[in-house]
Every structure is written in structure tokens, then in C-alpha cells.
Amino acid sequence: MEILISIVAKVAELLVVPIKRQIGYVLDCNTNIQNLKNEVEKLTDAKTRMIHSIEEARRNGEEIEAEVLNWLGSVDGVIEGGGGVVGDESSKKCFMGLCPDLKIRYRLGKAAKKELTVIVDLQEKGKFDGVSYRPAPSGIGPVKDYEAFESRNSVLNDIVDALKDGDVNMVGVYGMGGVGKTTLVKKVAEQVKEGRLFDEVVLAGVSQTPDIRRVQGEIADGLGLRLDAETDRGRASQLYERLKKVTRVLVILDDIWKELKLEDVGIPSGSDHEGCKILMSSRNEYVLCREMGANRNFPIQVLPEREAWNFFEKMVGVTVKNPSVQPVAAQVAKGCAGLPILLATVARALKNKDLYAWKDALKQLTRFDKDEIDKRVYSCLELSYNALRGDEIKPLFLLCGLFPTHDTSISDLLRCGIGLDLFKGRSTLEEARNRLHTLVDELKASCLLLEGDNDGSVKMHDVVQSFAISVASRDHHVLTVADEFKEWPTNDVLQQYTAISLPFRKIPDLPAILECPHLNSFLLLNKDPSLQIPDSFFREMKELKVLDLTAVNLSPLPSSLQFLENLQTLCLDLCVLEDISIVGELKKLKILSLHSSDIVCLPREIGKLTRLLLLDLSNCERLEVISPNVLSSLTRLEELYMGNSFLKWEAEGPSSERNNACLSELKLLANLITLDMQITDADHIPKDLVLCFQKLERFRIFIGDGWDWSVKDATPRTLKLKLDTVIQLEEGVNTLLKITEELHLQELNGVKSILNDLDGEDFCQLKHLHVENCPGVQYIINSMRMGPRTAFLNLDSLFLENLDNLEMICHGQLMAESLGNLRILKVESCHRLKNLFSVSMARRLVRLEEITIIDCKIMEEVVAEESENDAADGEPIEFTQLGRLTLQRLPQFTSFHSNRRQKLLARDVRSKEIVAGNELGTSMSLFNTKILFPNLEDLKLSSIKVEKIWHDQPAVQSPCVKNLASIVVENCSYLNYLLTSSMVESLAQLERLEICNCECMEEIVVPEGIGEGKMMSKMLFPKLLRLELNGLPKLTRFCTTNLLECHSLKVLRLTNCPELKEFISNPLSADVPAMSKPDDTKSALFDDKVAFPDLEVFRIGEMDNLKVIWHTELHSDSFCKLKTLGVRSGKNLLNIFPSSMLGRFHNIESLIINDCDSVEEIFDLQALINEEQRLAVTASQYLRVVFLMNLPQLKHVWNRDPQGILSFHNLCTVHVWGCPGLRSLFPASIAQNLPQLEELLIVNCGVEEIVAKDEGLEEGPEFLFPKVNFLQLRELPELKRFYPGIHTSEWPRLKELWVFHCEKIEIFPSEMKCSHEACREDHMDIEGQQPLLSFRKV
């Protein structure tokens, strides 16, 4: 009976509930429709708000998230559907509207209910964190002020297409100076970088006289490589090895004038590195095609007249709208010959000018014949030159032209300008410097000078420099050697010169006397160490004002130097010097620079230079003696540079008792405003040096020894201190503390609090503070001792390192403005520091951008609650600018910010389990909602003992991940997982994810709400570029989902994750225990649940339990762009490329397989052959490199002869090593089609024949290897023949043949005949076995 009752109840349940639901559609029809109307209105309003947000984002140049656009599309369809249901409401009655139509009411009620569910779901999905994102900047670029000329677009696209061509490795661009070659190749660099055609793109300027070291340096800078070799050849080797490591690299060599030997620079090309392509620009097509060997060359023409006019009109502005000016302006634009640089230069010169100026300009531009483009170039530039106003700016422009084309230091311009009396009415160096910067800005605005590549430098466009040299030569009798200088002009010509510039050029021997009575400046930047200056060389240069001899052997100084009675600037940088006493006779000297020379003694005669304004002794590391009273005699001195130079200051005393300079001499330099020097003994600092230091505007003063002068300081006011005691901080140094902007403190004894014990008047001007190796320092600020203070108002960065007793950064309260501008905080090896900030202090650090904490043994948290007031303050702390956070080697670290009550509880109980079971609940997470950093981009965690990074529950997860671009987690042994599934959607900006050596990590992304049936059907990492999982012994899967999409992923590395057999688990199998799962030998690492459409590099290693990498069914476009595959140490891996996958891997370029004990074959062709699929499947048409090493079970590289179905015709390098089971290497059809093969190496294998026998091949097959230049066969005891049967082989380029321990094969026939023709194999011995190689007489 009970069974019957239960059956009846079940039947009633199955019948009544659905009937009730169906009746409800009729009864609740009006309610459903009204609810639908309301929700449609809400959804429409939400759509309107979303559109407004999108429009605002687009106005700000931002990109719209794809999911937002998809949502809008869905909304349009749903609103239309919902509106249709509402519109049918009037038809729900019959009989003139008096009786309800039940059928219509049922249909409308059901439809309304269904649409209502959809709309509510869409409203929830429309709650996005953000609708847009800023596009990532490109590598080299964007090119500033680039004009997308239509005539250039096709050339640009052709160049990019040529760089894509696998048969092209050198591309040239040529055209006249100023036509825009440099701008175009930079645009190419930007475009290929955006298109990810290359992994690295680097650019170097070559110039008319190449400086190999500079070219190497520019390329190295682009690669982030430091060249530390002394010789050019050593640097080339370093560069070569670095470029070889980049799979795809584009090297741009701009402005080539003659052959540049790539090997001298260190650039691999051709067969050395097929992935290295070179783009060059030159004025001469022959240089590119004949001397450099470019495969394709593209001419860059001048702009068409229409484009030139549009560009010119845009640059000039409204002036050309004047009807009277416009026709003249059109002719002026035409006269600019379509050169963009000239169009811009002339346009700037004529902007806002009257008609007469335009007519005068037109007259200048029409002076030359139409065909004489170079002269037109010069006339255009001359127009801009003549438009320069003032007596100073034109000479400065011409002076810039005398220096090399690469960066020219503004400091060098100042020194020469002072010597030439360029800056009229400026009596001090500071006034002259200010004037120089003003003039430089004017020249930049006129497009006659460019911003230099380094700080404080400028450079010239090569056309502009050519023009400057031409004008200087024509109008001022200036000799500037642009190329080789074979012989000196005659005396009558020399006597006219006013300036000579020889910048790093090869020159003939100098004449005994250079008769140049009108010469004002002589610049010799030497590159020949053997060059000698004749003793009487300067005798006839009595008007000389500027003499710059760089890198010249001046031992001894020419005695004729004393005749330069008008000399005002003397630069002997990098020179070999001995006695320079004769320089003391140059009484008018204002500038003396001995920078980086090997001078040992500054003699007392230098003290006669009473007009000297600047003395540069920097980097004179051998300087040991400065004669007493020399410095004090230079009473007009304004700038003294002694960095990395003189150290042997003597104590104060009578000069007769001293052999060297003392610091007291500086007191007499009343005009000194710039000082670089080092004082090793602070006891030598006079007490009354304060007057000298008070006037300093720029200084780099290092007190103590061991300072590194090569480190570039961030500000012009830098003080570095190493003191035994604070007593040594005399009034002079205290004066510097008050005005310094960058302060370094090392090994400072007697200081407990930086702010309190150093009298810096709150350090209000300090921007950068470095405190290192100061064992006594307990606090940076101790307001408990002196009360709250306002301090460090402008501090930008704070670096604390190896402070063994530092307990707090700030002890006590701070005034509100203190530390308010701090951007960067780095703390390392401070082993008594438990936290960085109190809650109150953290709230004022609103500009903090970077926090780095490394190796602090008892560091527990970053922000601490130090009082009940802190704990009661419930408002979260928001670091709105924090972009980078690094926590590394912090063994006691628990949380970024923990609850004070939690910490007290944790300290009171001994057992972690007791705490976890009571008040603390689950384990504490690293981040929580109390601390927010919404703009965090870079997170690195290493060797910290946290169990969770983010809280499990979405409601309490810190919203600090939406802008994360990089997550690196290393050696965090307590982490079981990284993320929860609910966080994945927030990681839309993530580009890099690396997890290494986390021994308890079981899963990267865990499902939300385990046990509640919650599961994401799809996970998307839209911008992830690099994923690395290494050293995770317990990792079983990446995540559990139906689909993982990483559309941008380029690099994937999986190493030492032995339990990882399936990258993704589906929701149905995720909860099944591993022990209960059947042993499915066909389970694969990747299947159709993984979408990696852009993956290019995949490396996998130490995966002992993995048997199959790819499932027979993959996602439609996964792995199709894979270029590099490396498999290492897979003990149970059976094969690499299953037959069904071959068509997918057609872009593979490099294949490296090693130490896989079970691999029997690389390419499985069996199924493909059996299916008789005779289509031309070029499965590996790009495969160039194959390395197979230590594969003991390998039987076949190809298990069947593809017989033309598959092509491997781009194979370039094949190395097979340690494969004892391999009997042959190539199937015959593959061996017959290897036109690109250059290098073949087979070592320690069981190979009996290199090419396997094909029964279907006709008798006497021919094997041609047109590019093989290297063949090595070593330790092949079973090798008997090249091919088993009569055959012919040709090796026309074979240069190196190495055969070792191959006893069974005959290399050459017993009766060898030699010729100089190609090696051919057509000889059979009496046993029917051909030798490896033979020669045929022709």
C-alpha cells in the first residue's frame, strides 16, 4: 500500500506542478506583461547609460571591451523581442474585447515570463567594472608627428610584406636626404611591433662615418644588453650571441653611406640566423644592393605636389587662406621639392608672415634650375636660417654643425660658445647657460635642431647639418671634414680659414706649422692613437679662441701652445698628458677641461689663470697632486668638476707646509656655484666652509670612500655621506643637507633617527633618500622624541637597505603633509622591521606608485593597526596610484594588512589549528577589502608563507586586480591555488602569469563555492601573453571549466609539473578522485577545452607522467601559429606529432626534443598515408631547425615516407644525437627535397643509412643538397651507407666534413680522383656498396 501511495504522490507531483505552471501563464498574464514593461524600460535606460559611457571613452581615445559591445548587441535584440510581446497585449481579448482570449493570454503570459527572465539576466551581466581600456603602447613608437601620406602607405605596406617573406632577409630603403627615410623605417618598426611579426625590433643610426661602438651600443640598448667587453670584436661577439637567442628580430640600420660589415658590428645574417632580418636606409641604392646585398630595395620619392601642398598648408595654418598670399604660398611649397623636412622648415619660417616675406622667400627658392634638387634643399634651409633673428642664434646653429651627427652635449656647446664670445652681455657662466638653452629651444622650434637621444643633448638632421657645414664654409671659411681627409689645403687657402673641425675622421699627418692666422676654433676629435701634434703646430694661430683636442697623445704638450694668447677655451679630454705647466701662460683662458685625461699633477702655474670660469678635472683617476693655492687663485671660478678624480686633500695649514690642495682653498672661490668632488676623510672639512656651500646651485659631493661615480644621479644636487660620527657633520655639510635633493647615507654611525639626528631642517627640498648599511638607525622619523613635525614634503623615493636595527619608518604621529609626495619605497634586509606604515600614515601616502620589500626576516605586514583607534577606523585605505608591488623573502609575512584583534589572538594560542577552528575562521588572505589599490599592474610574490592571496568569497575580495598586467609567484610553499574562478573576469588586463616552485600548488584557478555546484562554463584571459608554470609537483590542472580561452597567448612554458596530465578538467570530472579514475592512456594534456590561437612558443619539460600532449580533437584554431616547440625529459611521452595533428602545425619553425625515454617517433604519418590523402599538405613548410637528443627508443623521425604529401623543404639545420634505436634519418622523398639544408649532424646513433630505401623509387635516385656546408657523422658504429642502392648525391657547397668512429662506411672510394667540381656519389664498389662521398672526373 505504501508503495502505491508513493507512486500516486509522484504521479501527482509530475502532473500537478506543470499544470499549475501552465495555468499561471493565463492567470498572471497582466502581471507578467506589466513586469516585462518595467524591466524593458530599465534595460533601455541601462543601454542609454552604457552608450554614454562608450562615447565618453572613445572621446578619450580608449578601446571598448568586446564583452560590452556584445552586451549591447544582445540588448538590442532582447528589447525588440520584449517590445513585441508588449505590443501584442491589445489582442488578448475576443468578442469585441469583452471576453478574454485564453489562448492568447496563455501565449502572451508565457512569452512575457520568458523575456522577463532574459532581460533580468542581461541587466545583471551589464554591471561591468569598466567599459573600456587604454591601448598598450607599441615598442618603437608611436612615431611622433607622423604624417600618413597616401603615397607612402603603399611603400610602407610593401616593406612590411617583404619582411614577412621567408626568402628575404635584407630590405633596403633609399632616397635623397630629407625625404623621410628615417621616419618611414621607424613607422615600419612601429607597425611590425604592433603586428607582432618580430619578438624584438632595434634601431641604430650609422651615419656617413660609422662609429662601430656607437652602433653596437644603440642595438644593445634596444635589446637591454650591457656590452662590457673592451674591444670592438668582443662587443660584436656579445651582441651576436644575444641576437642569436631571439627567434625573430628586426635590426634597422638607418643612414648607411657605404658598406658596413655586419660581422664587425655583431649582427648575424643569412644562414647565421634566419630569424634575424635587416632593414636599411641610405641615400644611395648602390650601397644597398651592391655593397650590403639587400634582397629587396624600395625607393622613397619626394611627395606629390598635392600631398606636399596639403602638408605645407597644415603646417602654415590660416596664413595661406589669405587670397593674396595663397598663390605665392603655392609656389613656395612647390619650390620645397616635396621634401617633408623642408616643407616643415619653410612653413615654420613663414608662419604669420606678410606677403613681402613670402615673395622674398619665393625669390630665393627659384634661384636654381628645376633639376638641381640639392641646391633647392639648401635654398629652402637657407630661408629658415636667414629667418633666425639675433646675433647669437646663427653662429650657434653653425657651431652645432661642426660636431658629429650623433648627440652633441649642450655642455660642449656652452664651453665652445663661451670661448667664441657667442653670448653677448652675459658675464657669468650661469647667464650664458640660460641663454644657450633659450637659443637651443628656438632652433628646435625652427626644425633646425632635434632633441638628442640622451638627456642634455641635441642632434641635427643630416641634411640640415650638411647645409650648416655648407654655409659655414661659404660665408665664414670653415673647414669641416665630412668624409676622408686626404691632404691639407694649400697655405693660401689655409690662411683664410676661421674654423677647422675634424670630428673622428681619418686625417693625413699634421703639418709642422698650420698657418691659419684668422683661425678662431680648432676641433680635433681623434680616432688615431698614433697621431702626433708637431711642436710648432700652433705657432701661427694667434687668433685662436677655442681649441678642442680629444683623445690625442700630448706627451709632451707642444711648446707652440704658449703662442695662443687669445685662447679662451681649451679642452684636452681623454688625452695623454704629462707636464701642463705651459697652460698657465694662456692668461685669457676661461674654460679648461681635462676630463678623463691621465694627468697626474695640476701644477702651480695653473693658478695664473685668473680669468678661468670652469675647470673640469672629472674622471682624472690618476690625478694625485693639485699644487697648494692653485684652486684658491682661481677667484673667478664658477664651476669646478672633480668627480671620480682627486682624493688627496690635505688638512688645513700653511701652504709652505703642504704638498697638496686643502679644502680651505674653496672658501676663496666667491663665485663658485657648481661643485663636483669627493672627500674621503670628513675630518679635513673646514668648519667655516659654509659660505662656499651656501652659494652652490648644483653639486655632487661625496664624503667617504667607495662611492661609484658612474651611477647617474637623479638630480643636480646630490650629497653622499659615509661618516664615523655625527660630530663630523660640521656646519658646511649641514648647510648642504638643507638644500640637497638627493641624499645617500652609508655606514653612518651615531645616528638613530635620520630626521632628528641630521640637521636638515625637515629636509623640505629632499626628493630622493637612500639609507644603507647604517646599523644604528632605528627610525627615519621619530616624532615621539621631538613631537609631530612636517618633514620630507617633497620626498619622491625612499630606499632603505641593510639597516639591522631599523624598527619603524615613522615612530609616532606625522603632520598631515609629511611624505605626501612619496612615489617609490624600497626596503631590503631590514631585519627588525615588522611593518612599514601605521594606518594613519598609510592614509597620507596617496601618491605611492611602487612598494618593494625584500629579505626582512620579521616583516609581518605592510600596514599595521597600532592602536584601538586604528582598529575602530572602518574606512578602507586606498593606494590609488600604486602600480607595482614586490614582496620577496619575508618568512613571517602574513597579510598586507591584518586585524589587530586577529594578531593578538594568534599570539595567544600556540596551535594554528585551534585558531583556525575558532575566531580566526579560515586562513588569512594576503589582501582584503581594508586596503585597496585599484591600479595595481605588477605583482611579484616570492618566498612568503601566505596560504591565500585573495579571499575566497567574491564579496570580500579586494578590488585590486582589474588592472593587473603581471603576476609572478615564486617559492610560496603554502599556496594551494592562486585564484578563484570569480576573479578571472576581473583579470582582463593580465599579460604575464608565472608561478614557480610552489610545492603545494594543486590548481591555478579553483571553482567558486566548492560543493555548491558553481562552475564557470568558460574562462577568458583576453590579453595574457606569457604563461609559465614551473616546479609545481602537486599541480593536477590549470582550472576546471568547459573552455579556457587565451587569444593573445604567445609563450607557454610547463616544466617540472609531474602530476599535470590534463591542462583543463571539465566540470563533470573535476570532483572525481584521482584514485577512482580509470587509467586512460589516451588522455591528453590539451584537448578542445583549450583555445590558444596565437601561441608561438611552447616549451614543456620534466613531465614524467605525461603520455600524450595533444588530443585528437583540439579547439578549431589552437596551436595553428606555433613556431617553436621544445620537449624535454618526458619519460612516458610516446610521440610528438600524431597524424591527425600535422595539418595544424604548419607554422612550426624550430623543433627541439631531448631526454624523452619513451618517444618512438616524432612525426606519425601512418594514418595520413593509409587514408591516401594526396593533397599537397605542407604541414611543416616553415620548419627550419630540428634538434633531437638522447631519445633511446626513437625508431623513426618520420614513420612513413610521405611521398610528396608533406613537405619539409625549408629545413636548414638537423642535429640528431644519442638515438641508438634510430636506423635511418630521412625518408627518400624528404631527402630529395631539402633545398635549404645547410647543416647536418648525426652523433652516437644506431643509424645504418642516412636515407631509407623506398621501394617505389625509381632505380638510381638523385639527391641534391645545394646549400649543405657542414656535415658531421660521429660515433655511428652501424653506419654502412648513405642510401641502400645505386644513387647519385651532390653537395656543391660542402666546406666541412667530419667523420669519427664510423668503421663500417667507406668515406671515399679506394682509388680517389679529385677535381674542383662538386662532390658527386655515383661509384659502386665490388660489394655493391657505395662510399659516402666520391669524386668524378669532368
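In what follows, residues are counted from 1 in the order of the sequence shown. This is a predicted model, so every value here is computed, not measured. When reading the values below, keep in mind they use all heavy atoms of this one structure, side chains included, and skip hydrogens, waters and symmetry mates.
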* Please test Gln888 against Thr852 for side chain to side chain contact (heavy atoms under 4.5 Å, CB included), starting from the C-alpha separation and ending with a verdict. => CA-CA 8 Å; Gln888 190 169 339; Thr852 299; over 6 Å; no

* **Leu736 side, atom CG; Ile703 side, atom CD1 - distance, nearest 0.5 Å** => 7.0 Å

* Structure fact -> Shortest non-hydrogen pair, Phe693 vs Ile701, comes out as CE2-CD1, 4.0 Å

* Structure fact -> The single option from Lys826, Arg823, His768, His770 that satisfies side chain to side chain donor-acceptor pair (under 3.5 Å) with Ser797 is His768

* Asked: Counting distance only, does the side-chain N/O of Asp762 pair as donor-acceptor with the main-chain N or O of Cys764 below 3.5 Å?
  -> no

* Asked: Once the angle between the rings of Phe702 and Trp707 is folded into 0 to 90°, is it parallel (under 30°), tilted (30 to 60°) or perpendicular (over 60°)?
  -> tilted

* Within a radius of less than 6.0 Å around CG of Asp455, do more than 12 heavy atoms belonging to other residues, nucleotides or ligands occur? -> no

* To do: Say whether, by atom type as modelled, one donor and one acceptor occur between the side chain of Asp757 and the main chain of Lys752 under 3.5 angstrom.
  => yes

* Asked: Roughly how far apart are Leu990 CG and Leu964 CG, rounded to 0.5 Å?
  -> 7.0 Å

* Under 3.5 Å, is there a donor-acceptor pair linking the side chains of Lys1023 and Gln989? -> yes

* **Check: Gly704 main-chain N/O paired with Gln678 side-chain donor or acceptor under 3.5 Å** => yes

* Asked: At what distance, to the nearest 0.5 angstrom, does CD of Glu1002 lie from NZ of Lys1034?
  -> 6.5 Å

Side-chain atoms of residues 1024-1033: list all donor-acceptor pairs with protein atoms under 3.5 Å, sequence neighbours left out, distances to 0.1 Å.
residue, atom, partner, partner atom, Å
Arg1026, NE, Glu994, OE2, 3.1
Asn1030, OD1, Thr1055, OG1, 2.6

* **Test log, rule side chain to side chain contact (heavy atoms under 4.5 Å, CB included), inputs Phe1021 and Val984** => CA-CA 7 Å; Phe1021 292 91; Val984 172; 3.8 Å; yes

* Output yes when a side-chain donor or acceptor of Asn976 lies under 3.5 Å from a complementary backbone atom of Glu1003, and no otherwise. => no

* Identify, with sequence neighbours excluded, every residue that meets side chain to side chain contact (heavy atoms under 4.5 Å, CB included) alongside Asp221. => none

* Okay, side chain of Asn935, backbone of Leu882: is any donor-acceptor separation there less than 3.5 Å? -> no

* Between Ile931 and Val863, is a side chain to side chain contact (heavy atoms under 4.5 Å, CB included) present by the stated rule, with each step listed? -> CA-CA 9 Å; Ile931 306 288; Val863 179; 4.1 Å; yes

* Give the intermediate values and the outcome of ring-ring contact (aromatic ring centres under 6.0 Å, His included) for residues Phe927 and Phe933. => CA-CA 10 Å; Phe927 302 122; Phe933 15 85; 5.3 Å; yes

* side chain to side chain donor-acceptor pair (under 3.5 Å) between Asn756 and Asn782: does it pass, once the steps are laid out? -> CA-CA 7 Å; Asn756 304 87; Asn782 185 2; 5.1 Å; no

* To do: Measure across Lys722 and Asp705 and return the closest heavy-atom pair with its distance rounded to 0.1 Å.
  => NZ-O, 2.6 Å

* Asked: From Leu640 CG over to Ser618 OG, what is the distance, rounded to the nearest 0.5 angstrom?
  -> 10.0 Å

* Mind listing the closest non-hydrogen atom pair of Thr715 and Lys767 along with its distance? => CG2-CD, 4.4 Å

* Asked: To the nearest 0.5 Å, what is the distance between CD1 (Ile739) and CZ (Phe763)?
  -> 12.5 Å

* Nearest heavy atoms of His831 and Asp804, plus distance in Å -> CD2-OD1, 4.3 Å

* So, Ser895 side chain and Ser925 main chain: donor-acceptor pair closer than 3.5 Å or not? -> yes

* Asked: Is there a side-chain contact between Phe792 and Leu755 (heavy atoms, below 4.5 Å)?
  -> yes

* Check: His897 main-chain N/O paired with Asn928 side-chain donor or acceptor under 3.5 Å -> yes

* Side-chain contact, heavy-atom cut-off 4.5 Å: Val1005 with Tyr977? -> no

* Please determine, by modelled atom types, if Ser943 and Arg889 share a side-chain donor-acceptor pair under 3.5 angstrom. => no

* **Results of side chain to side chain donor-acceptor pair (under 3.5 Å) for Thr718 - residues two or more places apart only** => none

* **Closest non-hydrogen atom pair between Asn749 and Pro775, with its separation** => OD1-CG, 4.4 Å

* Asked: Side chains of Val862 and Phe837: closer than 4.5 Å at any heavy-atom pair?
  -> yes

* Hey, what's the ring geometry for Phe879 with Phe896, parallel, tilted or perpendicular (30° and 60° as the breaks)? -> perpendicular

* To do: Could you tell me whether Lys834 and Glu860 have a side-chain N and a carboxylate O separated by less than 4.0 Å?
  => no

* Quick one: does Asp676's side chain get under 4.5 Å of Met642's, heavy atoms only? -> no

* CZ of Arg847: more than 12 outside heavy atoms within 6.0 angstrom? -> no

* **Heavy-atom closest contact (Leu987 atom, Leu979 atom, distance)** => CD1-CD1, 3.4 Å

* Mind checking the CG-CG spacing from Asn773 to Leu745? Nearest 0.5 Å is all I need. => 11.5 Å

* Check whether any side-chain heavy atom of His744 sits under 4.5 Å from a side-chain heavy atom of Glu742, and report yes or no. => yes

* **Pairwise side-chain contact, Val771 with Phe799, heavy-atom cut-off 4.5 Å (strictly under)** => no

* To do: For salt bridge (charged side-chain N to carboxylate O under 4.0 Å, His left out), just list the numbers for Glu639 and Arg698, CA-CA rounded to whole Å, side-chain angles, deciding distance to a tenth of an Å, and then say yes or no.
  => CA-CA 9 Å; Glu639 300 186 4; Arg698 285 175 295 276; 3.7 Å; yes

* Please examine the side chains of Ile809 and Leu800, heavy atoms only from C-beta on, and report whether any two atoms are closer than 4.5 Å. => yes

* Side-chain touch Ile853/Leu890, heavy atoms, less than 4.5 angstrom -> yes

* **Derivation and outcome, side chain to side chain contact (heavy atoms under 4.5 Å, CB included), residues Leu795 and Asn821** => CA-CA 6 Å; Leu795 194 66; Asn821 286 299; over 6 Å; no

* Does the Arg884 side chain pair with the main chain of Ile851, one donor and one acceptor, at a distance under 3.5 Å? -> no

